[in-house]
Amino acid sequence: MYVRVQDQPLDPWEQMRQYRPGDVDDGSFGATAVCVGTMRDFNEGDVISGMTLEHYPGMTEKFLQKIAKEAQDHRDVLDVLIVHRVGELAPGDPIVLVAAWSAHRAAAFEACRYLIEQLKARAPFWKKEVMEAGRARWVERNT
Amino acid sequence: MYVRVQDQPLDPWEQMRQYRPGDVDDGSFGATAVCVGTMRDFNEGDVISGMTLEHYPGMTEKFLQKIAKEAQDHRDVLDVLIVHRVGELAPGDPIVLVAAWSAHRAAAFEACRYLIEQLKARAPFWKKEVMEAGRARWVERNT
Amino acid sequence: MNDAQIQTSTITVQVKFFASMRERLGVDEQTMTLPAGSSITDLWKLIAGEAKLPANTLVAVNLEYEDAGHVVHNGDEVAFFPPVTGG
Amino acid sequence: MNDAQIQTSTITVQVKFFASMRERLGVDEQTMTLPAGSSITDLWKLIAGEAKLPANTLVAVNLEYEDAGHVVHNGDEVAFFPPVTGG
């Protein structure tokens, strides 16, 4: 299980390449499911040129640890990973990486989906978008 | 859209790192969903030491192109990728990589799931397992 | 006995604000003293002078989500923030 | 006219076998001549001397899945194989 909040750029595929699923030998998992969220250059009809991602140090990590443990305690799930960016982002920058390892693909998909849905619904992160001409706004709705 | 059957080793994360979603600018997709199938070292209660993956050259590629197009024609799906191994594999070796890009994570997850389920149900690949002591058998059931 | 009574009848909590709420209130963190037995709603009244928490406001006490009726205790860290938008 | 009649009354197809079916029959590919209008079932009878396709056998004609009743045509590529197990 690996959970990390970082203000450094996130390279999801390099992160996946380097990660060794904990306590899991290479031949024991049949399926890995991954979801990456990436910053888009449009939202609610506006062109977005940048973003600041704020979080609640301490609570964010604790919440992510909690959902990671919940996902991993599910039958057939062998390991899970969550990495989330904070700080200044540009369009195209990866925001979040979640991954789940299982003997079977159904459990891997479900764990991955559970993690990203819980994270989006409840993890204390907040996006502030910078639009063209420098106007900024807090994102109100998270879809 | 990228579809490939290869007898060379598959490094799914390096493949993802190198792939540029076609005709899609970096800021247009909000979600990438990925599923990797990996060779396990056990099946139906037996320890598996190796595997040969056979396919039907021509038909396999055509079938994968068809399901890739079906997934990509779905609303909100921006691009899809399928890479599948054939030839000699060892436990822990990646067998298949499927990926889908979308503005929204639900569409990305659904496309990814559609691709792997269709592939497993209908794509002409066949696994022959080598067990300890050199016995070999064709896999009969694909779960 | 008077000193002890004073010690038990008031509590001190650390209050944090995030994102749009931090910007609106112009403060990110403050220490507040309030009567023992106060709820989150009572604390908010003390902060903002308003009777009700703004719609959709989320509250965490010691890094866990709590409802507005939750009673705070001495030394608690209480955070107020808008709906989350990560991922 | 006799020559023309012979040409139209028989067809030639390329037959392929995969995986366990290839191993069981001991052949991966063969050219077969059979009467025009023959179905996949007819072709199988000619190959194996059996009336019925083994359970779960899949058949593709020109790289597309077809049922056993499908009529084959001159020049078709017909493949017989067991249930697929990729992914």
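Chain identifiers are assigned alphabetically (A, B, ...) following the order of the sequence lines, protein sequences preceding nucleic acid strands; residue numbering begins at 1 within each chain. Note: hydrogens, waters and symmetry copies are ignored here, and every other heavy atom, side chains too, is used.
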Please confirm whether the backbone N or O of [Y] pairs with a side-chain atom of [X], one donor and one acceptor, at under 3.5 Å?
X: Trp126(B); Y: Pro82(D); result: yes
X: Thr85(D); Y: Lys127(B); result: yes
X: His84(B); Y: Gly86(D); result: no
X: Lys16(D); Y: Tyr56(B); result: no

Check whether more than 12 heavy atoms from other residues, nucleotides or ligands sit under 6.0 Å from atom CD of Gln14(D), and answer yes or no. yes
Counting neighbours of CG on Asp67(D) that are heavy atoms of other residues, nucleotides or ligands and sit closer than 6.0 Å, is the number greater than 12? no
Under 4.5 Å to a heavy atom of chain D? For Lys62(B) that would be side chain
Whatever's closer than 4.5 Å to a heavy atom in chain D on Arg85(B) counts as neither
Is there a side-chain contact between Glu54(B) and Arg22(D) in this structure, where contact means two heavy atoms from C-beta onward sitting under 4.5 Å apart?
yes
Taking the side chain as every heavy atom from C-beta outward, state whether Trp138(B) and Pro83(D) have any pair of such atoms under 4.5 Å apart. no
Closest non-hydrogen contact found for Val84(D) with Asn142(B) is O-CB, 3.8 Å
Honestly, the part of Asn56(D) sitting under 4.5 Å from a heavy atom of chain B is neither
Check your understanding: Any ion pair linking Glu64(D) and Lys66(B) (charged N to carboxylate O, less than 4.0 Å)?
Key -> no
Taken to the nearest 0.5 Å, the spacing of Lys128(B) NZ from Ser20(D) OG works out to 9.0 Å
Taken to the nearest 0.5 Å, the spacing of Met59(B) CE from Phe18(D) CZ works out to 9.0 Å
Interface check, chain D: of Val36(B), Val98(B), Ile95(B), most non-hydrogen pairs under 4.5 Å belong to Ile95(B)
